[in-house]
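Notes follow once the structure below has been shown.
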Amino acid sequence: MSETRFRRSTPFISYISRSILCCVTAARRSDPGLAALRAAAVAMTATPAAYGSALLLEHAAHLHVDVLVQAVALTLTLSRTGSTADTADRIITLAVLPPVAVAAAETSSLMSGHPAVGDTVFTALICATIAVRRFGPRATRAGTLAVLPLIAVLVVQTPGGPPSGHDRDLWAALVALIAAFWGLTTRWAADRTGFTRPATAYTPPAPARASGGLRPSASTRMSLQMGGAVGAGFAAGHLAFSAHWTWVVLTAFVVCSGARGRADVLHKGVLRTVGAAAGTAAATVIAGMFGAHDSRSIIVIFAVLAVATWLRPFGYAYWAGCVTAVLALLYGYFGQSAPDLLATRLEAIVVGAVLGVAASWLILPVRSIDVLRRRTADALAALGEFLSAARRDPGRLSDHQVRFDAGVRRLEQIAGPLRAHRRLRRTGRPHPADAIDAVRRCAGPVHTIARCAAEHGDVLAAPDILRLNAAVAADLTQARCAVGRRADPGHRPAAVGEEAAPASPDAPPADRVRTALIELDTALRSLPEIFTPPGG
(Lines give C-alpha, C1' and ligand atoms only; values in the text may rest on other atoms or scores of the structure.)
Protein backbone atom coordinates (compact mmCIF):
# COMPACT_ATOMS: atom_id res chain seq x y z
CA MET A 1 0.00 0.00 0.00
CA SER A 2 2.83 2.40 0.83
CA GLU A 3 4.37 1.80 -2.62
CA THR A 4 1.05 2.62 -4.31
CA ARG A 5 0.71 5.77 -2.27
CA PHE A 6 4.28 6.71 -3.19
CA ARG A 7 3.58 6.29 -6.94
CA ARG A 8 0.46 8.43 -6.68
CA SER A 9 2.48 11.19 -5.09
CA THR A 10 5.13 11.23 -7.82
CA PRO A 11 3.65 14.29 -9.64
CA PHE A 12 3.61 16.21 -6.36
CA ILE A 13 7.22 15.26 -5.64
CA SER A 14 8.13 16.40 -9.14
CA TYR A 15 6.42 19.75 -8.52
CA ILE A 16 8.25 20.22 -5.22
CA SER A 17 11.54 19.31 -6.89
CA ARG A 18 10.99 21.88 -9.64
CA SER A 19 10.11 24.54 -7.06
CA ILE A 20 13.25 23.82 -5.07
CA LEU A 21 15.30 23.91 -8.28
CA CYS A 22 13.90 27.36 -9.13
CA CYS A 23 14.80 28.63 -5.66
CA VAL A 24 18.28 27.17 -5.96
CA THR A 25 18.77 28.77 -9.40
CA ALA A 26 17.73 32.16 -8.06
CA ALA A 27 20.03 31.78 -5.06
CA ARG A 28 22.93 30.82 -7.28
CA ARG A 29 22.62 34.11 -9.16
CA SER A 30 22.81 35.90 -5.81
CA ASP A 31 25.72 33.82 -4.52
CA PRO A 32 28.89 35.01 -6.26
CA GLY A 33 31.72 32.60 -5.69
CA LEU A 34 29.19 30.13 -4.28
CA ALA A 35 30.24 31.11 -0.75
CA ALA A 36 26.86 30.21 0.73
CA LEU A 37 26.79 26.91 -1.15
CA ARG A 38 30.25 26.05 0.15
CA ALA A 39 29.21 26.82 3.72
CA ALA A 40 26.11 24.67 3.27
CA ALA A 41 28.25 21.83 1.91
CA VAL A 42 30.45 21.97 5.00
CA ALA A 43 27.41 21.94 7.30
CA MET A 44 25.85 19.03 5.44
CA THR A 45 29.10 17.09 5.64
CA ALA A 46 29.24 17.52 9.40
CA THR A 47 25.55 16.84 10.06
CA PRO A 48 25.24 13.34 8.51
CA ALA A 49 28.57 12.42 10.11
CA ALA A 50 27.24 13.42 13.53
CA TYR A 51 24.00 11.57 12.78
CA GLY A 52 25.92 8.41 11.91
CA SER A 53 28.02 8.64 15.09
CA ALA A 54 24.93 9.17 17.23
CA LEU A 55 23.22 6.26 15.48
CA LEU A 56 26.09 3.96 16.44
CA LEU A 57 25.88 5.27 20.00
CA GLU A 58 22.13 4.70 20.10
CA HIS A 59 22.46 1.09 18.96
CA ALA A 60 25.40 0.33 21.24
CA ALA A 61 23.89 1.83 24.40
CA HIS A 62 20.21 1.10 23.57
CA LEU A 63 19.26 4.77 23.82
CA HIS A 64 16.16 6.61 22.68
CA VAL A 65 15.99 8.06 19.17
CA ASP A 66 16.09 11.57 20.65
CA VAL A 67 19.91 11.40 20.68
CA LEU A 68 19.82 11.37 16.87
CA VAL A 69 17.63 14.47 16.77
CA GLN A 70 19.86 16.24 19.27
CA ALA A 71 23.00 15.39 17.31
CA VAL A 72 21.53 16.71 14.05
CA ALA A 73 20.04 19.85 15.63
CA LEU A 74 23.25 20.71 17.48
CA THR A 75 25.59 20.07 14.55
CA LEU A 76 23.51 21.90 11.97
CA THR A 77 22.92 24.93 14.18
CA LEU A 78 26.55 24.98 15.28
CA SER A 79 27.62 24.96 11.63
CA ARG A 80 25.19 27.76 10.78
CA THR A 81 26.29 30.01 13.64
CA GLY A 82 29.81 29.71 12.30
CA SER A 83 33.20 29.48 13.94
CA THR A 84 36.21 31.71 13.64
CA ALA A 85 39.74 30.49 13.14
CA ASP A 86 40.51 31.53 16.72
CA THR A 87 41.63 28.62 18.93
CA ALA A 88 39.90 30.23 21.92
CA ASP A 89 36.63 30.08 19.99
CA ARG A 90 36.98 26.32 19.56
CA ILE A 91 37.86 25.88 23.22
CA ILE A 92 34.73 27.81 24.20
CA THR A 93 32.66 25.50 22.00
CA LEU A 94 34.06 22.36 23.63
CA ALA A 95 33.78 23.84 27.12
CA VAL A 96 30.22 25.17 26.85
CA LEU A 97 28.24 22.57 24.92
CA PRO A 98 28.61 19.46 27.18
CA PRO A 99 27.66 21.07 30.54
CA VAL A 100 24.79 23.00 28.97
CA ALA A 101 23.61 19.77 27.31
CA VAL A 102 23.49 18.20 30.79
CA ALA A 103 21.54 21.18 32.11
CA ALA A 104 19.18 20.91 29.13
CA ALA A 105 18.62 17.20 29.82
CA GLU A 106 17.79 17.95 33.46
CA THR A 107 15.45 20.71 32.36
CA SER A 108 13.77 18.31 29.94
CA SER A 109 13.15 15.89 32.82
CA LEU A 110 11.63 18.72 34.85
CA MET A 111 9.41 19.74 31.95
CA SER A 112 8.11 16.17 31.69
CA GLY A 113 7.51 15.59 35.40
CA HIS A 114 6.84 19.10 36.69
CA PRO A 115 5.83 21.28 33.72
CA ALA A 116 5.47 24.56 35.60
CA VAL A 117 8.90 24.27 37.23
CA GLY A 118 10.57 22.96 34.09
CA ASP A 119 9.08 25.70 31.91
CA THR A 120 10.26 28.36 34.36
CA VAL A 121 13.78 26.94 34.50
CA PHE A 122 13.91 26.69 30.71
CA THR A 123 12.79 30.31 30.32
CA ALA A 124 15.36 31.48 32.87
CA LEU A 125 18.16 29.60 31.09
CA ILE A 126 17.20 31.06 27.72
CA CYS A 127 17.19 34.57 29.21
CA ALA A 128 20.60 33.96 30.81
CA THR A 129 22.17 32.96 27.47
CA ILE A 130 21.18 36.38 26.11
CA ALA A 131 21.95 38.45 29.21
CA VAL A 132 25.60 37.29 29.32
CA ARG A 133 26.27 38.94 25.96
CA ARG A 134 26.81 42.27 27.68
CA PHE A 135 30.18 40.97 28.94
CA GLY A 136 31.92 40.97 25.58
CA PRO A 137 32.44 38.90 22.43
CA ARG A 138 33.62 35.74 24.24
CA ALA A 139 30.56 35.79 26.48
CA THR A 140 28.39 36.43 23.42
CA ARG A 141 29.86 33.37 21.72
CA ALA A 142 29.32 31.27 24.84
CA GLY A 143 25.73 32.46 25.16
CA THR A 144 25.02 31.72 21.50
CA LEU A 145 26.36 28.19 21.90
CA ALA A 146 24.47 27.60 25.15
CA VAL A 147 21.17 28.18 23.35
CA LEU A 148 21.70 25.19 21.05
CA PRO A 149 21.12 22.29 23.49
CA LEU A 150 18.12 24.09 24.96
CA ILE A 151 16.44 24.43 21.58
CA ALA A 152 17.28 20.80 20.79
CA VAL A 153 15.28 19.90 23.90
CA LEU A 154 12.20 21.58 22.41
CA VAL A 155 12.63 19.73 19.13
CA VAL A 156 12.56 16.31 20.83
CA GLN A 157 9.73 17.15 23.24
CA THR A 158 7.09 15.07 21.44
CA PRO A 159 4.34 12.80 22.74
CA GLY A 160 5.94 9.46 23.53
CA GLY A 161 9.29 11.20 23.50
CA PRO A 162 12.42 10.34 25.45
CA PRO A 163 12.11 9.00 29.00
CA SER A 164 13.15 11.31 31.78
CA GLY A 165 15.89 10.51 34.27
CA HIS A 166 19.34 11.50 35.45
CA ASP A 167 20.91 8.61 33.53
CA ARG A 168 20.43 10.63 30.33
CA ASP A 169 22.83 13.37 31.44
CA LEU A 170 26.05 11.59 30.48
CA TRP A 171 24.68 10.65 27.06
CA ALA A 172 23.52 14.23 26.46
CA ALA A 173 27.04 15.50 27.17
CA LEU A 174 28.54 12.85 24.87
CA VAL A 175 26.16 13.76 22.03
CA ALA A 176 27.13 17.42 22.46
CA LEU A 177 30.79 16.46 22.16
CA ILE A 178 30.02 14.46 19.00
CA ALA A 179 28.27 17.48 17.47
CA ALA A 180 31.11 19.81 18.47
CA PHE A 181 33.75 17.42 17.11
CA TRP A 182 32.17 17.05 13.67
CA GLY A 183 31.16 20.70 13.43
CA LEU A 184 34.61 22.02 14.33
CA THR A 185 36.56 19.38 12.42
CA THR A 186 34.77 19.83 9.11
CA ARG A 187 34.97 23.61 9.39
CA TRP A 188 38.70 23.43 10.20
CA ALA A 189 39.33 21.10 7.25
CA ALA A 190 37.33 23.33 4.89
CA ASP A 191 39.28 26.42 6.00
CA ARG A 192 42.66 24.70 5.79
CA THR A 193 42.02 23.39 2.27
CA GLY A 194 40.73 26.75 1.06
CA PHE A 195 37.25 25.40 0.38
CA THR A 196 35.86 28.13 2.66
CA ARG A 197 37.32 31.25 4.21
CA PRO A 198 37.78 31.42 7.98
CA ALA A 199 35.13 33.61 9.56
CA THR A 200 36.44 36.92 10.85
CA ALA A 201 35.34 37.93 14.30
CA TYR A 202 33.89 41.43 14.36
CA THR A 203 33.90 43.53 17.51
CA PRO A 204 31.93 46.76 17.10
CA PRO A 205 32.86 49.78 19.17
CA ALA A 206 31.47 49.70 22.69
CA PRO A 207 28.23 51.68 23.00
CA ALA A 208 28.35 54.85 24.99
CA ARG A 209 26.94 54.61 28.49
CA ALA A 210 23.80 56.54 29.19
CA SER A 211 23.97 59.18 31.89
CA GLY A 212 23.45 57.64 35.29
CA GLY A 213 23.76 54.11 33.87
CA LEU A 214 20.01 53.61 34.26
CA ARG A 215 19.25 52.70 30.67
CA PRO A 216 19.21 48.91 30.20
CA SER A 217 21.72 47.47 27.76
CA ALA A 218 20.67 45.88 24.47
CA SER A 219 21.34 42.39 25.85
CA THR A 220 19.17 43.11 28.91
CA ARG A 221 16.33 44.31 26.70
CA MET A 222 16.60 41.26 24.43
CA SER A 223 16.75 38.95 27.46
CA LEU A 224 13.57 40.39 28.97
CA GLN A 225 11.80 40.32 25.62
CA MET A 226 12.77 36.68 25.11
CA GLY A 227 11.60 35.82 28.62
CA GLY A 228 8.22 37.39 27.93
CA ALA A 229 7.85 35.66 24.54
CA VAL A 230 8.93 32.19 25.68
CA GLY A 231 7.01 32.39 28.97
CA ALA A 232 3.84 33.42 27.16
CA GLY A 233 4.53 30.68 24.59
CA PHE A 234 4.60 28.03 27.32
CA ALA A 235 1.36 29.29 28.81
CA ALA A 236 -0.48 29.56 25.49
CA GLY A 237 0.92 26.25 24.27
CA HIS A 238 -0.17 24.23 27.28
CA LEU A 239 -3.57 25.90 27.44
CA ALA A 240 -4.50 25.79 23.76
CA PHE A 241 -2.43 23.06 22.12
CA SER A 242 -1.92 20.38 24.77
CA ALA A 243 0.72 17.88 23.57
CA HIS A 244 1.81 20.18 20.71
CA TRP A 245 2.79 23.15 22.88
CA THR A 246 6.35 23.07 21.57
CA TRP A 247 5.25 24.55 18.22
CA VAL A 248 4.17 27.75 19.97
CA VAL A 249 7.35 28.04 22.07
CA LEU A 250 9.67 27.30 19.14
CA THR A 251 8.02 29.93 16.98
CA ALA A 252 8.03 32.55 19.76
CA PHE A 253 11.74 31.87 20.31
CA VAL A 254 12.66 32.03 16.63
CA VAL A 255 10.74 35.25 16.00
CA CYS A 256 12.15 36.97 19.09
CA SER A 257 15.72 35.70 18.85
CA GLY A 258 18.34 38.07 17.52
CA ALA A 259 15.83 40.92 17.52
CA ARG A 260 17.29 43.94 15.75
CA GLY A 261 14.52 46.40 16.42
CA ARG A 262 10.74 46.34 16.22
CA ALA A 263 10.59 46.31 12.43
CA ASP A 264 12.96 43.35 12.25
CA VAL A 265 10.83 41.30 14.65
CA LEU A 266 7.61 42.11 12.79
CA HIS A 267 9.25 41.30 9.45
CA LYS A 268 10.63 38.03 10.81
CA GLY A 269 7.25 37.12 12.30
CA VAL A 270 5.52 37.58 8.95
CA LEU A 271 8.19 35.62 7.09
CA ARG A 272 8.17 32.90 9.72
CA THR A 273 4.41 32.55 9.42
CA VAL A 274 4.34 32.56 5.62
CA GLY A 275 7.35 30.27 5.25
CA ALA A 276 6.16 27.93 7.96
CA ALA A 277 2.69 27.71 6.44
CA ALA A 278 4.14 26.74 3.07
CA GLY A 279 6.65 24.34 4.62
CA THR A 280 4.07 22.72 6.86
CA ALA A 281 1.58 22.24 4.05
CA ALA A 282 4.17 20.66 1.76
CA ALA A 283 5.72 18.49 4.46
CA THR A 284 2.39 17.26 5.79
CA VAL A 285 1.54 15.92 2.34
CA ILE A 286 5.00 14.44 1.82
CA ALA A 287 5.05 12.91 5.28
CA GLY A 288 1.84 11.10 4.42
CA MET A 289 3.78 9.06 1.88
CA PHE A 290 5.90 7.50 4.61
CA GLY A 291 4.96 5.47 7.60
CA ALA A 292 6.27 5.95 11.10
CA HIS A 293 10.01 5.23 11.40
CA ASP A 294 10.36 4.95 7.62
CA SER A 295 14.05 5.44 6.82
CA ARG A 296 13.20 7.13 3.50
CA SER A 297 11.86 10.15 5.39
CA ILE A 298 15.34 10.61 6.91
CA ILE A 299 16.77 11.03 3.41
CA VAL A 300 14.13 13.65 2.61
CA ILE A 301 14.87 15.45 5.89
CA PHE A 302 18.57 15.74 5.07
CA ALA A 303 17.79 16.93 1.54
CA VAL A 304 15.50 19.68 2.85
CA LEU A 305 18.07 20.64 5.50
CA ALA A 306 20.70 21.05 2.76
CA VAL A 307 18.43 23.40 0.80
CA ALA A 308 17.53 25.32 3.98
CA THR A 309 21.17 25.84 4.91
CA TRP A 310 22.02 27.15 1.46
CA LEU A 311 19.02 29.45 1.08
CA ARG A 312 19.19 30.93 4.61
CA PRO A 313 21.39 33.93 3.61
CA PHE A 314 18.98 34.86 0.80
CA GLY A 315 15.78 35.12 2.78
CA TYR A 316 14.43 34.13 6.17
CA ALA A 317 11.24 32.77 4.62
CA TYR A 318 13.28 30.04 2.88
CA TRP A 319 14.82 28.98 6.17
CA ALA A 320 11.52 29.12 8.06
CA GLY A 321 9.71 27.10 5.41
CA CYS A 322 12.39 24.43 5.12
CA VAL A 323 12.96 24.04 8.86
CA THR A 324 9.24 23.83 9.51
CA ALA A 325 9.01 21.19 6.79
CA VAL A 326 11.80 19.27 8.51
CA LEU A 327 9.97 19.42 11.84
CA ALA A 328 6.75 18.23 10.19
CA LEU A 329 8.64 15.33 8.59
CA LEU A 330 10.26 14.56 11.91
CA TYR A 331 6.94 14.46 13.71
CA GLY A 332 5.68 12.22 10.91
CA TYR A 333 8.63 9.93 11.56
CA PHE A 334 7.43 9.68 15.17
CA GLY A 335 3.94 8.76 13.94
CA GLN A 336 2.32 12.22 13.99
CA SER A 337 1.74 12.68 10.26
CA ALA A 338 -2.04 12.82 10.29
CA PRO A 339 -3.35 15.55 7.94
CA ASP A 340 -5.59 16.93 10.67
CA LEU A 341 -2.46 18.19 12.46
CA LEU A 342 -1.91 20.70 9.64
CA ALA A 343 -4.43 23.21 11.01
CA THR A 344 -3.08 22.76 14.54
CA ARG A 345 0.49 23.44 13.38
CA LEU A 346 -0.50 26.58 11.51
CA GLU A 347 -2.51 27.90 14.45
CA ALA A 348 0.37 27.27 16.86
CA ILE A 349 2.82 29.00 14.51
CA VAL A 350 0.60 32.06 14.21
CA VAL A 351 0.12 32.25 17.98
CA GLY A 352 3.87 31.91 18.59
CA ALA A 353 4.68 34.59 16.01
CA VAL A 354 2.17 37.02 17.53
CA LEU A 355 3.62 36.43 21.01
CA GLY A 356 7.17 37.00 19.78
CA VAL A 357 6.24 40.24 18.03
CA ALA A 358 4.17 41.47 20.99
CA ALA A 359 7.02 40.85 23.45
CA SER A 360 9.51 42.75 21.30
CA TRP A 361 7.13 45.67 20.80
CA LEU A 362 5.85 45.97 24.38
CA ILE A 363 8.81 45.03 26.62
CA LEU A 364 11.52 47.73 26.48
CA PRO A 365 11.19 48.03 22.69
CA VAL A 366 14.15 48.99 20.51
CA ARG A 367 13.42 51.42 17.69
CA SER A 368 14.63 50.22 14.32
CA ILE A 369 15.95 53.69 13.43
CA ASP A 370 18.20 53.55 16.52
CA VAL A 371 19.61 50.20 15.42
CA LEU A 372 20.18 51.63 11.95
CA ARG A 373 21.97 54.67 13.35
CA ARG A 374 24.20 52.53 15.53
CA ARG A 375 25.23 50.10 12.80
CA THR A 376 25.68 52.86 10.23
CA ALA A 377 27.91 54.71 12.71
CA ASP A 378 29.97 51.55 13.24
CA ALA A 379 30.44 51.06 9.49
CA LEU A 380 31.37 54.73 8.96
CA ALA A 381 33.85 54.56 11.83
CA ALA A 382 35.55 51.64 10.10
CA LEU A 383 35.52 53.61 6.83
CA GLY A 384 37.15 56.56 8.61
CA GLU A 385 39.92 54.27 9.86
CA PHE A 386 40.37 52.98 6.31
CA LEU A 387 40.78 56.49 4.89
CA SER A 388 43.17 57.40 7.68
CA ALA A 389 45.26 54.31 6.99
CA ALA A 390 45.32 55.23 3.30
CA ARG A 391 47.07 58.46 4.25
CA ARG A 392 49.35 57.22 7.05
CA ASP A 393 49.70 53.41 6.96
CA PRO A 394 48.78 51.87 3.57
CA GLY A 395 50.22 48.53 4.66
CA ARG A 396 47.24 47.95 6.97
CA LEU A 397 44.53 48.80 4.46
CA SER A 398 43.46 45.18 4.05
CA ASP A 399 42.75 44.85 7.79
CA HIS A 400 40.59 47.98 7.77
CA GLN A 401 38.85 46.78 4.62
CA VAL A 402 37.86 43.55 6.40
CA ARG A 403 36.44 45.53 9.31
CA PHE A 404 34.46 47.80 7.00
CA ASP A 405 33.11 44.77 5.11
CA ALA A 406 31.96 43.31 8.43
CA GLY A 407 30.17 46.56 9.20
CA VAL A 408 28.39 46.42 5.83
CA ARG A 409 27.29 42.86 6.52
CA ARG A 410 25.86 43.90 9.88
CA LEU A 411 23.87 46.61 8.12
CA GLU A 412 22.56 44.09 5.62
CA GLN A 413 21.20 42.04 8.54
CA ILE A 414 18.61 44.77 9.22
CA ALA A 415 17.95 45.68 5.58
CA GLY A 416 14.99 43.36 4.92
CA PRO A 417 12.23 45.09 6.93
CA LEU A 418 13.46 48.57 6.00
CA ARG A 419 13.46 47.79 2.27
CA ALA A 420 10.04 46.19 2.58
CA HIS A 421 8.74 49.36 4.24
CA ARG A 422 10.34 51.48 1.51
CA ARG A 423 8.44 49.53 -1.14
CA LEU A 424 5.18 50.17 0.69
CA ARG A 425 5.82 53.86 1.34
CA ARG A 426 5.86 55.76 -1.93
CA THR A 427 7.08 59.27 -1.17
CA GLY A 428 9.81 61.41 -2.60
CA ARG A 429 11.67 61.81 0.71
CA PRO A 430 14.78 59.67 1.32
CA HIS A 431 14.03 56.50 3.28
CA PRO A 432 16.19 54.99 6.07
CA ALA A 433 16.79 51.97 3.81
CA ASP A 434 18.63 54.33 1.45
CA ALA A 435 21.35 54.65 4.11
CA ILE A 436 22.11 50.93 3.86
CA ASP A 437 22.31 51.19 0.09
CA ALA A 438 24.63 54.21 0.36
CA VAL A 439 27.02 52.46 2.73
CA ARG A 440 26.96 49.35 0.59
CA ARG A 441 27.94 51.44 -2.46
CA CYS A 442 31.13 52.31 -0.58
CA ALA A 443 32.30 48.69 -0.55
CA GLY A 444 33.34 48.60 -4.21
CA PRO A 445 35.49 51.75 -4.03
CA VAL A 446 37.07 50.57 -0.77
CA HIS A 447 38.08 47.29 -2.42
CA THR A 448 39.46 49.17 -5.43
CA ILE A 449 41.60 51.44 -3.25
CA ALA A 450 42.93 48.53 -1.19
CA ARG A 451 43.72 46.51 -4.31
CA CYS A 452 45.53 49.39 -6.03
CA ALA A 453 47.51 50.15 -2.87
CA ALA A 454 48.59 46.51 -2.60
CA GLU A 455 49.73 46.43 -6.23
CA HIS A 456 51.25 49.94 -6.35
CA GLY A 457 52.39 51.02 -2.91
CA ASP A 458 53.07 54.69 -3.73
CA VAL A 459 49.83 55.46 -5.56
CA LEU A 460 48.12 56.84 -2.43
CA ALA A 461 50.93 59.34 -1.76
CA ALA A 462 50.24 61.48 -4.87
CA PRO A 463 49.25 65.07 -3.92
CA ASP A 464 45.93 65.03 -5.77
CA ILE A 465 45.01 61.66 -4.18
CA LEU A 466 45.79 63.05 -0.73
CA ARG A 467 43.63 66.11 -1.44
CA LEU A 468 40.72 63.93 -2.55
CA ASN A 469 41.17 61.70 0.48
CA ALA A 470 40.97 64.74 2.80
CA ALA A 471 37.83 66.00 1.06
CA VAL A 472 36.15 62.58 1.35
CA ALA A 473 37.16 62.40 5.02
CA ALA A 474 35.51 65.78 5.60
CA ASP A 475 32.25 64.63 4.00
CA LEU A 476 32.52 61.43 6.05
CA THR A 477 32.71 63.56 9.19
CA GLN A 478 29.57 65.42 8.12
CA ALA A 479 27.79 62.11 7.51
CA ARG A 480 28.84 60.74 10.90
CA CYS A 481 27.58 63.89 12.60
CA ALA A 482 24.20 63.51 10.90
CA VAL A 483 23.98 59.83 11.86
CA GLY A 484 24.92 60.59 15.47
CA ARG A 485 22.73 63.72 15.63
CA ARG A 486 25.75 65.88 16.46
CA ALA A 487 26.62 69.38 15.29
CA ASP A 488 28.58 69.62 12.06
CA PRO A 489 32.12 71.00 12.69
CA GLY A 490 31.78 72.98 9.45
CA HIS A 491 35.38 72.78 8.12
CA ARG A 492 35.56 71.83 4.46
CA PRO A 493 38.58 71.31 2.20
CA ALA A 494 38.34 71.63 -1.56
CA ALA A 495 35.21 70.05 -2.97
CA VAL A 496 35.20 66.69 -4.70
CA GLY A 497 33.73 66.35 -8.18
CA GLU A 498 30.05 65.54 -8.40
CA GLU A 499 30.38 62.63 -10.79
CA ALA A 500 33.09 60.37 -12.12
CA ALA A 501 33.17 58.24 -15.23
CA PRO A 502 33.76 54.58 -14.37
CA ALA A 503 37.43 53.69 -14.62
CA SER A 504 38.24 50.62 -16.68
CA PRO A 505 40.25 47.79 -15.09
CA ASP A 506 43.09 48.68 -17.46
CA ALA A 507 43.20 52.35 -16.38
CA PRO A 508 46.27 53.60 -14.48
CA PRO A 509 46.12 52.91 -10.73
CA ALA A 510 45.94 56.62 -9.91
CA ASP A 511 42.87 57.03 -12.11
CA ARG A 512 41.16 54.05 -10.49
CA VAL A 513 41.88 55.37 -6.99
CA ARG A 514 40.70 58.85 -7.98
CA THR A 515 37.44 57.46 -9.37
CA ALA A 516 36.95 55.30 -6.27
CA LEU A 517 37.35 58.30 -3.96
CA ILE A 518 34.82 60.30 -5.95
CA GLU A 519 32.37 57.38 -5.80
CA LEU A 520 32.89 57.19 -2.05
CA ASP A 521 32.19 60.89 -1.68
CA THR A 522 29.02 60.69 -3.77
CA ALA A 523 27.65 57.92 -1.55
CA LEU A 524 28.59 59.68 1.69
CA ARG A 525 27.02 63.00 0.70
CA SER A 526 23.61 61.34 0.47
CA LEU A 527 23.62 60.27 4.14
CA PRO A 528 22.99 63.62 5.93
CA GLU A 529 19.69 64.14 4.12
CA ILE A 530 18.54 60.62 5.05
CA PHE A 531 19.19 61.08 8.77
CA THR A 532 18.16 64.73 9.09
CA PRO A 533 14.45 65.06 9.97
CA PRO A 534 12.27 67.35 7.85
CA GLY A 535 12.86 70.93 8.86
CA GLY A 536 15.90 69.87 10.93
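Throughout, residue positions are numbered sequentially from 1 according to the sequence presented. A quick note: this is a predicted structure, and the numbers were derived from the prediction, not measured.
- How far OG1 of T376 is from CZ of R410: 10.5 Å, rounded to the nearest 0.5 Å.
- Using a distance-only test at 3.5 Å, with no hydrogens or angles considered, no donor-acceptor pair links the side chain of T75 to the main chain of V72.
- For the pair T185 (side chain) and W182 (backbone), a donor-acceptor distance under 3.5 Å is absent.
- Between T251 and I349, the shortest heavy-atom distance links the atoms CG2-O, 3.3 Å.
- Counting heavy atoms from C-beta on, the side chains of L372 and I436 come closer than 4.5 Å.
- The line from CD1 of I178 to CH2 of W171 is 9.5 Å long, rounded to the nearest 0.5 Å.
- Between I298 and Y51 there is a side-chain heavy-atom pair separated by less than 4.5 Å.
- In this structure, L174 CG and D169 CG are separated by 12.5 Å, a value rounded to the nearest 0.5 Å.
- Ring planes of F234 and F122: perpendicular class, angle over 60° (limits at 30 and 60°).
- Looking at R375, its side chain never comes within 3.5 Å of a backbone N or O of L411 through a donor-acceptor pair.
- Looking only at side-chain heavy atoms (C-beta outward), V155 and Q70 stay at 4.5 Å or farther from each other.
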request  = Would you check, one step at a time, whether the test side-chain contact (heavy atoms from CB on, under 4.5 Å) holds for H244 with R345?
outcome  = CA-CA 8 Å; H244 306 296; R345 284 196 188 107; over 6 Å; no
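- No more than 12 heavy atoms of other residues, nucleotides or ligands lie within 6.0 Å of NE2 in H114, so this atom counts as exposed by the packing criterion.
- Counting heavy atoms from C-beta outward, V67 and L57 have side chains that stay 4.5 Å or more apart.
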ask   = Between K268 and L271, does a side-chain contact (heavy atoms from CB on, under 4.5 Å) hold up when you go through it step by step?
value = CA-CA 5 Å; K268 190 187 297 183; L271 293 181; 5.7 Å; no
inquiry  = The test is side-chain contact (heavy atoms from CB on, under 4.5 Å); show your working for E347 and F241 and say whether it passes.
reply    = CA-CA 9 Å; E347 291 170 2; F241 299 98; 3.8 Å; yes
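- A distance-only check finds a donor-acceptor pair linking the side chain of T193 to the backbone of A190 [under 3.5 Å].
- For the residue pair C322 and V307, the shortest heavy atom distance occurs at SG-CG1, 4.3 Å.
- With hydrogens and angles ignored, the 3.5 Å screen pairs a side-chain donor or acceptor of T186 with a backbone N or O of G183.
- Distance CD1/I92 to OG1/T144: 10.5 Å, rounded to 0.5 Å.
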key: Verdict with supporting geometry, T220 and S217, side-chain hydrogen bond (donor to acceptor under 3.5 Å, both in side chains)   = CA-CA 5 Å; T220 300; S217 65; 2.9 Å; yes
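- A distance-only check finds no donor-acceptor pair linking the side chain of R260 to the backbone of I414 [under 3.5 Å].
- Considering every non-hydrogen atom in both I130 and S223, the closest pair reads CG2-N, 3.6 Å.
- Atom CZ of R262 sits about 10.5 Å away from atom OG of S360, to the nearest 0.5 Å.
- In plain terms, the two heavy atoms of A101 and P149 that are nearest each other are CA-CB, 3.8 Å.
- Rounded to the nearest 0.5 Å, atoms CH2 (W361) and CD (Q225) are 12.0 Å apart.
- For V350, the side chain to side chain contact (heavy atoms under 4.5 Å, CB included) test picks out T273, V354, with sequence neighbours left out.
- In terms of heavy atoms, S368 sits closest to A263 at OG-N, 2.9 Å.
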request  = Just do the side-chain contact (heavy atoms from CB on, under 4.5 Å) check on M226 and F253 with the steps written out, would you?
outcome  = CA-CA 7 Å; M226 180 62 74; F253 168 81; 3.6 Å; yes
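- Contact of the L154 side chain with the M111 side chain is registered, since non-hydrogen atoms from C-beta on lie closer than 4.5 Å.
- Using a 3.5 Å distance cut-off with no hydrogens or angles, the side chains of S109 and S112 do not pair a donor with an acceptor.
- Comment: D405 does not engage R409 in a salt bridge, judged by the lack of any side-chain N to carboxylate O separation of less than 4.0 angstrom.
- In this structure a side-chain-to-backbone donor-acceptor pair under 3.5 Å is missing from S108 to A104.
- Salt-bridge check for R374 with D378: passed, with a basic side-chain N closer than 4.0 Å to an acidic carboxylate O.
- Of all heavy-atom pairs between I363 and G228, the closest is CD1-CA, 4.0 Å.
- Between R90 and W188, some side-chain heavy-atom pair lies under the 4.5 Å cut-off.
- Side chains of L78 and T93 form a contact here, defined as non-hydrogen atoms less than 4.5 Å apart.
- Using a 4.5 Å cut-off on side-chain heavy atoms (C-beta onward), V100 and L145 make no contact.
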